[in-house]
Amino acid sequence: MNIKLGELLIFWYARNKRNLPWRKTKVPYLIWISEVILQQTRVDQGLDYYLKFVKRFPTILSLASATEEEVLKYWQGLGYYSRARNLHATATYIRDEKDGRFPHKYDEILKLKGIGPYTSAAISSISFGLPYPVIDGNVTRVISRIFGIKENVNSSEGLNKIEKKLKSIFISESPGDFNQAIMELGALVCKPSNPDCAHCVLSTKCIAFKQNLMNDLPNKTKARSPKNIYLYYLVMKFKKENIYFVYFNKRQGNTIWKNLYDFPRIELQKKEKKSKIFNRLKQSKFLIDSSFEIGEIMGPIEHKLSHRNIYAYFISISLDGDLEKNNEEQLVDVNELEYEKLPVPKLIENYIKKYHNWV
DNA sequence: AATACGGGGCC
DNA sequence: GGCCCAGTATT
């Protein structure tokens with residue numbers, strides 16, 4: 001008896017898989033949403049977002065009918081917000097151009113905004129039973145260990161080897177189960193550090209295990225260290241008809257947190273003295289013609305991203321009244337109730353929750 | 001081929 | 001403090 005490696009994987013998966021909501025369906029829309037949420041995101045982090053998202057937007061049509069702002073609000077805190085913008089854009093595209101039906105072919109799915117090779121293969125295999133193997137971080141790790149692939153998996157050479165070996169064990173009769181099985185093994189057993197080889201169904205066939213290379217594989221290019229930036233947010237408050245408002249800024253352009261809201265800000269590469277900040281502040285285009293009073297400064301609040309270490313300061317500023325609107329930034333005056341509907345970056349959410357007072 | 005894009009968990 | 005995560009788009 002010579003059981004195939006792929007069969008072993010599927011057998012293990014059947015007995016050990018987690019009970020996750022998107023595993024109870026094959027509906028392309030739901031698989032799509034789950035796969036996009038899980039891009040660069042762990043199940044634990046994405047699970048609640050998935051449940052709330054599909055409850056509010058249960059169909060392609062409901063998602064297409066919503067505003068992007070509301071979709072972003074449901075995404076708030078999850079990061080990589082282009083995912084949410086692309087989901088919304090693609091939903092409207094499918095509604096308007098595809099008769100509301102999700103495409104059925106790998107190549108068609110691949111063309112959709114926000115869907116790359118991984119996600120198209122995942123949807124194709126899980127929803128439509130098409131024989132496309134997925135390659136994600138889990139698969140790369142599992143394959144490189146099983147076959148002892150030492151090439152840098154970030155290189156095209158390494159990736160080609162991964163792909164070739166993966167195809168050699170792929171079970172095209174059960175593509176969805178195979179794909180989820182190998183990812184599940186990567187997530188639960190063949191973990192990045194301290195893999196649980198003692199409980200791995202593949203250990204006897206695993207080169208990394210046999211040669212004790214588990215902690216050396218996969219061989220990856222190490223990430224560059226993040227850059228420090230210093231943000232000085234202007235929290236401009238004023239009173240209108242006995243209600244307190246703050247100016248928020250809808251972020252424009254192709255940059256971080258696009259279409260989310262924060263405050264007008266001064267961005268610096270280095271930490272500067274308060275006096276220098278105040279000088280910059282008084283000359284800022286928002287305040288140059290207004291009368292105002294500087295209140296307390298909060299911070300720094302540290303906010304660490306994969307590519308940035310942000311040190312954020314929040315400068316409370318009391319205005320006498322309305323500001324003249326500035327064209328370059330999209331300023332909106334927002335009160336406490338209106339704020340609840342606005343999508344904001346986690347950093348801003350943290351500040352508001354912990355430190356901001358509206359009056 | 002390299003970089004931007006978020007945020008959280010683990011060691 | 002670095003590494004990694006059910007990646008994609010852009011340069």
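Chain naming here is simple, since letters A, B, ... match the order of the sequence lines and numbering starts at 1 in each. If you're wondering where the values come from, they're calculated on a predicted model, not measured in any experiment.
If you take NZ of A:K227 and P of B:dT3, they are 12 Å apart, rounded to a whole angstrom. Put simply, CD1 on A:I256 is 9 Å from C1' on B:dA4, counting in whole angstrom units. The interatomic distance linking A:I310 (CD1) with B:dG8 (P) rounds to 12 Å, in whole Å.
Taking atom P in both C:dT10 and B:dG6, the straight-line distance is 14 Å, to the nearest Å. With P as the reference atom, C:dC3 and B:dT3 are 15 Å apart, rounded to whole Å. Only the P atoms considered, C:dT8 is 22 Å distant from B:dG8, to the nearest whole Å.
Looking at which nucleotide of DNA chain B each of A:T221 and A:N350 is closest to, the 5′-most match is held by A:T221. Toward the 5′ end of DNA chain C lies the nearest nucleotide of A:E35, the other residue of the pair A:G114 and A:E35 mapping further downstream. Along DNA chain C, the nucleotide nearest to A:S225 and the one nearest to A:P117 differ in position, and the one closer to the 5' end is contacted by A:S225. For the pair A:S82 and A:E157, nearest-nucleotide mapping onto DNA chain B gives the more 5' position to A:E157.
Just one of A:L112, A:I115, A:L130, A:V134 meets the side chain to side chain contact (heavy atoms under 4.5 Å, CB included) condition when paired with A:S120; it is A:I115.
Evaluation of atom-type donor-acceptor distances gives no pair under 3.5 Å for the side chain of A:T119 against the base of C:dG7. One N or O donor and one acceptor, one from the side chain of A:T41 and one from the base of B:dG6, sit under 3.5 Å apart. Applying the 3.5 Å distance criterion, the base of C:dC4 shares a donor-acceptor pair with the side chain of A:R42. Between the side chain of A:Y118 and the base of C:dG7, no donor-acceptor pair of N or O atoms lies under 3.5 Å.
Under the 4.0 Å criterion applied to side-chain N and carboxylate O atoms, A:R85 and A:E68 are not assigned as salt-bridge partners.
When ring centroids are compared, A:Y351 and A:Y233 stay outside the 6.0 Å threshold.
Of the N and O atoms on the side chains of A:T221 and A:N152, at least one donor lies less than 3.5 Å from an acceptor on the other residue.
Using a 4.0 Å heavy-atom distance criterion, A:R251 is classed as making no nucleic acid contact.
Both tests pass for A:K73 against the ring of A:Y339: distance under 6.0 Å to the centre and angle within 45° of the axis.
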